[in-house]
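Only heavy atoms go into these numbers, but all of them, side chains included; no hydrogens, no water, no symmetry mates.
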Amino acid sequence: MKPVILLGIESSCDDTSAAILKNGAILSNCVANQDAHQLYGGVVPEVASRAHQVNIIPVVDMALKKAGVTKEELDGVAFTRGPGLMGSLVVGVSFAKAFAMALDIPLVEVNHMDAHILAHFIDEPKPQFPFLCLTVSGGHTQIVLVRDYMDMEVIGKTIDDAAGEAFDKTGKLLGLSYPAGPIIDKKAREGEVKFEFVEPRIEGLDFSFSGLKTAILYFLKRNIKEKPDFITENLNDICASVQARIVSILMNKLIKASKQTGINEIAIAGGVSANSALRAALQTEGAERGWNTYIPQFQYCTDNAAMIAMAGYFKYQKGIFSGQEVTPLARY
Ligand code: KG4
Ligand code: ZN
């Protein structure tokens, strides 16, 4: 049988990415990051959209070149239809449509959040169905019950901020650049958990992070009033303390979800799954509770097109394609 070669395109937020997949194996995964947003303390949609326009063709060219594949060899184009920023999605969706039309090959639309979860099928070991996936990114925080590649149920979600937002907003209060998650992670390794932030009491499997953000704001204000240099003198410890609380909020709900469903196959996905404390906590809890745990490689945690190509491959095999009338869905 002829191998299936797919191009994956991801442009939902501020990273432009292209990947080539051949029969379920990733041959290349190229990402162009946008540093401009650091200046603004968050993603500026208009800036992101323009940068995607500049980056998309070079990134696709690079992905093809690295994989040693010509565009004529492609069998389909998988792309992120949503959720994400409309101006960013439009660039990837329009590119994918034009490319597929020019090459006369099928288009496969992918839900970005499903793709974060399906990134677990890129490498070994692969989770067994059904499994639970804590999907934590800059825009989402969910516990998903995954019954099959295309059968997923969100059983818990944030009622306000996402976990990545909690990291990024804390970083803004501390004067760190965007995205602050990786910076807090690094500084926390040099610090100790010295400050206590209360855990919100939210029913069931849902999460809340807005109270934590307010608590951090008042904690900083109070301490700066007494000691103007409080942040600089205690930065690593503040980072370690905030990170520990975010991780414990996530882990406690994951433990609850495992108990409720009786599922011991536990995965994490999304940008925040790159966090070293969350990865360590999952391993420790997993060993204690007899879970089989699944943590993606760093390059497949944050936004990437490899996961889009992988998710697209499962749909491609079933012949689930989109027409040229497909448009982006900011709230997929
Ligand atoms: O999945 P992702 O790349 O983009 C979205 O779909 O949102 O996630 C980005 C989020 C940002 O909030 C970023 O601060 C966070 O992931 N992040 C981290 C780490 N690496 C990325 N948060 C904590 N620790 C990290 N090491
Ligand atoms: Zn993402």
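In terms of the side chain to side chain contact (heavy atoms under 4.5 Å, CB included) criterion, residue partners of Phe129 (sequence neighbours excluded) are, by chain and number, Phe121, Phe131, Val146, Asp148, Tyr149. A search for side chain to side chain contact (heavy atoms under 4.5 Å, CB included) contacts involving Ala244 returns Val193, not counting sequence neighbours. In this view, Pro228 satisfies the side chain to side chain contact (heavy atoms under 4.5 Å, CB included) rule with no residue, not counting sequence neighbours. Among residues two or more places apart in sequence or in another chain, the side chain to side chain contact (heavy atoms under 4.5 Å, CB included) test is passed with Cys30 by Val59, Met62, Ala63, Lys66.
Atom NZ of Lys157 is surrounded by 12 or fewer heavy atoms from other residues, nucleotides or ligands within 6.0 Å. The 12-atom threshold is not exceeded at CE of Met101, counting heavy atoms of other residues, nucleotides or ligands nearer than 6.0 Å.
Applying the side chain to side chain donor-acceptor pair (under 3.5 Å) rule to pairs touching residues 126-144 yields Glu124-Lys126, sequence neighbours excluded. Residue pairs that meet the ring pair (Phe, Tyr, Trp, His ring centres under 6.0 Å) test with at least one member in residues 228-287, sequence neighbours left out, are Phe195-Phe230, Phe219-Phe230. Applying the ring pair (Phe, Tyr, Trp, His ring centres under 6.0 Å) definition to pairs two or more places apart or across chains, none involves residues 13-67. Sequence neighbours left out, not one pair with a member in residues 248-263 passes salt bridge (charged side-chain N to carboxylate O under 4.0 Å, His left out). The list of salt bridge (charged side-chain N to carboxylate O under 4.0 Å, His left out) pairs with a residue in residues 37-49, not counting sequence neighbours, reads Glu46-Arg50. Applying the side chain to side chain donor-acceptor pair (under 3.5 Å) test to every pair with at least one member in residues 237-250, sequence neighbours left out, gives these pairs: Lys194-Asp237, Glu196-Arg245, Glu199-Arg245, Gln243-Asn275, Arg245-Ser248.
Side-chain atoms of Asp160 come within 3.5 Å of backbone N or O of Phe209 as a donor-acceptor pair. At distances below 3.5 Å, at least one donor-acceptor pair connects side-chain atoms of Asp185 with backbone N or O atoms of Ser276. A donor-acceptor pair under 3.5 Å links the side-chain atoms of Ser17 to the main chain of Ala305, judged by distance alone. With Ser11 contributing its side chain and Ser88 its backbone, the two residues share a donor-acceptor pair below 3.5 Å. Of the possible polar contacts, none joining the Arg81 side chain to the Val108 backbone as a donor-acceptor pair under 3.5 Å is found. Counting only distance, with no hydrogens or angles, the side chain of Asn304 and the backbone of Thr302 share a donor-acceptor pair below 3.5 Å. A donor-acceptor pair under 3.5 Å links the side-chain atoms of His120 to the main chain of Ile268, judged by distance alone. Between the side chain of Gln34 and the backbone N or O of Asp14 there is at least one donor-acceptor pair closer than 3.5 Å.
Summarising the geometry of Ala115 relative to Val110, their closest heavy-atom pair is CB-CG1, 3.8 Å, with the distance given to 0.1 Å. The two residues Gln38 and Tyr178 come nearest to each other via the heavy atoms CG-O, 3.0 Å.
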Could you pull out every donor-acceptor pair under 3.5 Å between side chains of residues 163-174 and any protein atom, sequence neighbours left out?
unit_1: Glu165; atom_1: OE1; unit_2: Ala162; atom_2: N; d: 2.8
unit_1: Glu165; atom_1: OE2; unit_2: Lys169; atom_2: NZ; d: 3.4
unit_1: Asp168; atom_1: OD1; unit_2: Ala180; atom_2: N; d: 3.1
unit_1: Asp168; atom_1: OD1; unit_2: Gly181; atom_2: N; d: 3.4
unit_1: Lys169; atom_1: NZ; unit_2: Asp161; atom_2: OD1; d: 3.3
unit_1: Lys169; atom_1: NZ; unit_2: Asp161; atom_2: OD2; d: 3.4
unit_1: Thr170; atom_1: OG1; unit_2: Ala166; atom_2: O; d: 2.6

Below 3.5 Å, can you tabulate the donor-acceptor pairs from side chains in residues 320-332 to any protein atom, sequence neighbours excluded?
unit_1: Ser322; atom_1: OG; unit_2: Glu109; atom_2: OE1; d: 2.7
unit_1: Gln324; atom_1: NE2; unit_2: Lys97; atom_2: O; d: 2.9
unit_1: Tyr332; atom_1: OH; unit_2: Glu109; atom_2: OE2; d: 2.7

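Pro200 pairs with exactly one of Ile249, Ile159, Asp206 by the side chain to side chain contact (heavy atoms under 4.5 Å, CB included) rule, that one being Ile249.
Looking at Phe79 and Leu107, their side chains come closer than 4.5 Å, going by heavy atoms from C-beta outward.
To the nearest 0.5 angstrom, Ile9 atom CD1 is 4.5 Å from Ile56 atom CD1.
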